[in-house]
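Everything below concerns the one structure shown next.
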2 protein chains.
Amino acid sequence: MAVGSDFSLRKVDVALTPRERYIDFLRSRGKRITPQKQVILDHVSSRHEHFDVEQLLADLRNTPEGARASSATVYRTVAEMHEAGLLHKMELDGRCVYEHDYGYPQHDHLYCSGCRQLIEFSSEELARICDAVAAQHQFRARGHRLIITGLCVDCRTSKSKSRHQDRV
Amino acid sequence: MAVGSDFSLRKVDVALTPRERYIDFLRSRGKRITPQKQVILDHVSSRHEHFDVEQLLADLRNTPEGARASSATVYRTVAEMHEAGLLHKMELDGRCVYEHDYGYPQHDHLYCSGCRQLIEFSSEELARICDAVAAQHQFRARGHRLIITGLCVDCRTSKSKSRHQDRV
DNA sequence: TTGTCTGCAAACACTTTGCACTTTT
DNA sequence: AAAAGTGCAAAGTGTTTGCAGACAA
């Protein structure tokens with residue numbers, strides 16, 4: 001069973017770049033830094049964007065240098081980066097979606113069930129509510145995830161034209 | 001692709017019992033009311049509790065009358081009840097978890113990563129935030145889901161004794 | 001009689017794992 | 001040299017689906 005170590009529970013130290021942070025993490029665990037991990041790291045940290053493993057694999061294949069990593073490796077590496085606190089993970093429509101959120105402020109999402117787009121927002125009030133609720137239940141909160149489901153503007157207006165909306 | 005019809009989008013009419021509601025739904029679609037569906041309905045609506053299909057199947061088998069339904073049927077029926085607005089669905093740790101929430105007030109959850117218990121809470125403030133955020137993005141919200149992850153009191157205190165905590 | 005439903009088993013999508021080989025340290 | 005990583009293919013999970021027979025409307 002994977003373990004969310006003390007390391008990953010601590011508030012991130014934003015003085016480090018993602019790469020430094022990751023390398024620190026690997027070193028502290030006696031894990032290795034391999035070309036595959038670097039390629040994946042570069043891809044993932046070059047933008048703040050939601051993706052699943054399939055997309056990441058496709059991206060890697062489209063890379064000019066044709067950087068390569070097997071899906072097994074991508075799954076393993078992505079999990080490792082999640083442990084390291086570089087990637088945020090969530091489940092959506094039966095598969096795992098990640099986003100590079102190291103150094104990014106906490107935020108939540110609107111999820112359009114039409115085009116499956118994730119729209120970000122953040123709310124301090126929400127954080128306050130979470131703290132209050134947790135305290136009330138003597139719960140030690142590690143984090144939270146709020147997803148508001150519905151239809152985005154585009155899907156609302158193109159409702160009758162496309163097959164997009166209401167995919168549940 | 002399954003369809004979340006107008007029917008299921010409408011606010012539930014709490015004057016109906018779950019059974020009435022379900023039967024209405026089935027009739028309106030020309031779907032049938034079978035013994036299997038009734039057994040499942042009874043089980044599900046007899047308590048307000050979180051379960052996955054595996055648990056539901058086990059429960060059915062433990063029933064005195066040995067009520068039976070294949071897993072395919074349970075999957076199909078549960079999905080149907082979700083469409084009918086009787087069951088709330090969420091994904092957790094890679095599988096789908098349902099709860100009978102017809103007639104119950106909207107609420108959200110604290111999820112203990114130790115014992116995997118779901119603790120309910122509700123917050124009007126939260127609902128307000130969701131509305132505000134959706135409006136801000138011209139988004140038509142259908143619903144929301146907030147999960148606060150962490151450790152419950154029990155798992156916090158029995159931290160060193162058990163293998164419970166930090167299952168990610 | 002028509003059309004849905006059920007159960008079974010096969011199919012599926014996504015993810016994890018065992019293993020032999022490679023690579024880092 | 002020792003330990004961890006990689007790719008492949010096989011094994012797992014949880015869920016869906018095709019189909020033939022059963023059955024409600």
Side-chain angles (χ1 to χ4, degrees), chain A residues 1-3 5 19 22-41 43 50-61 66-84 87 89-98 116 167-168, chain B residues 1-3 22-41 43 50-61 66-84 87 89-98 116 167-168:
Chain A
M1 237 98 273
V3 162
S5 71
R19 159 165 255 111
Y22 187 39
I23 291 181
D24 267 17
F25 175 84
L26 294 177
R27 290 240 171 83
S28 75
R29 307 287 193 100
K31 299 190 168 202
R32 291 178 189 164
I33 301 158
T34 64
Q36 287 88 338
K37 290 184 186 181
Q38 303 209 43
V39 171
I40 294 170
L41 175 68
H43 252 262
H50 308 92
F51 62 91
D52 59 20
V53 170
E54 186 180 13
Q55 290 165 330
L56 179 49
L57 274 167
D59 283 1
L60 290 179
R61 278 192 264 277
R68 199 145 300 260
S70 69
S71 61
T73 296
V74 170
Y75 274 108
R76 287 188 273 233
T77 304
V78 150
E80 192 177 67
M81 289 177 172
H82 174 56
E83 263 190 89
L87 293 181
K89 174 183 182 176
M90 59 189 133
E91 282 174 49
L92 226 44
D93 290 326
R95 88 252 188 241
C96 293
V97 174
Y98 300 87
R116 307 204 169 186
R167 241 191 301 230
V168 171
Chain B
M1 235 93 277
V3 162
Y22 187 41
I23 291 180
D24 268 17
F25 174 84
L26 294 177
R27 290 241 170 81
S28 75
R29 307 288 193 98
K31 299 193 167 198
R32 291 183 189 160
I33 301 159
T34 65
Q36 286 89 339
K37 291 184 185 180
Q38 303 209 42
V39 171
I40 295 171
L41 175 68
H43 252 262
H50 308 90
F51 63 90
D52 59 20
V53 170
E54 186 180 14
Q55 289 166 332
L56 179 49
L57 274 166
D59 283 1
L60 290 179
R61 278 191 265 277
R68 197 146 301 261
S70 70
S71 61
T73 296
V74 171
Y75 276 108
R76 287 189 273 232
T77 304
V78 151
E80 193 178 66
M81 290 179 173
H82 175 55
E83 262 189 273
L87 292 181
K89 174 183 182 176
M90 59 190 134
E91 283 175 49
L92 225 45
D93 291 326
R95 89 255 188 237
C96 292
V97 175
Y98 300 88
R116 307 204 169 185
R167 242 192 298 230
V168 172

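Keep in mind that this is a model prediction, so the values were computed, not measured. In what follows, chains carry the letters A, B, and so on, assigned in the order in which the sequence lines appear, proteins first and then strands, with residues in each chain numbered from 1.
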**Study point:** Closest-nucleotide 5' rank along DNA chain D - winner of B:I33 and B:S71
**Key:**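 Result: B:S71.
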Exercise for review: For B:T34 and for A:P35, find the nucleotide of DNA chain D with the closest heavy atom, then tell me which residue's nucleotide is more 5'.
Suggested key: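 On the 5' side of the pair lies A:P35.
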Practice item. Compute the bend angle of the helix from C:dT1-D:dA25 to C:dT25-D:dA1 from the end axes (five pairs per end), rounded to 10°. Key: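 About 30° separates the two local helix axes.
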Review point. Quick one: on DNA chain C, does B:T73 or B:R32 contact a more 5' nucleotide (nearest heavy atom)?
Key: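 Comparing both residues, the 5'-ward one is B:R32.
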Who passes side-chain hydrogen bond (donor to acceptor under 3.5 Å, both in side chains) against [X], sequence neighbours left out?
X	answer
A:E91	none
A:T73	A:S70
A:Q55	none
B:S71	none

Exercise for review: Scan B:E54 against the nucleic acid and name what it touches under 4.0 Å (heavy atoms): base, sugar-phosphate only, or nothing.
Suggested key: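 Touches nothing.
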**Study point:** First and last nucleotide of DNA chain D, 5' to 3', lying under 4.0 Å from heavy atoms of chain B
**Key:** D:dG14 to D:dA24
Return the set of residues passing side-chain contact (heavy atoms from CB on, under 4.5 Å) with [X] (not counting sequence neighbours), or none when no residue passes.
X	value
A:A79	none
A:E80	A:Y22, A:F25, A:L26, A:K31, A:K37
A:R95	A:D52, A:L92, A:D93, A:V97
A:L56	A:I40, A:H43, A:V44, A:F51, A:L60, A:V74, A:V78

Check your understanding: Hey, where on DNA chain C does chain B first and last touch, going 5' to 3'? Cut-off is any atom under 4.0 Å from a heavy atom.
Key ->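 Under 4.0 Å from chain B, the extent on DNA chain C is C:dG3 to C:dC8.
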Revision key, fill the gap. Residues A:Q36 and A:R68: closest non-hydrogen pair is CG-O, 3.9 Å
Practice item. Check salt bridge (charged side-chain N to carboxylate O under 4.0 Å, His left out) between B:R27 and all other residues, then give those that pass, not counting sequence neighbours. Key: none
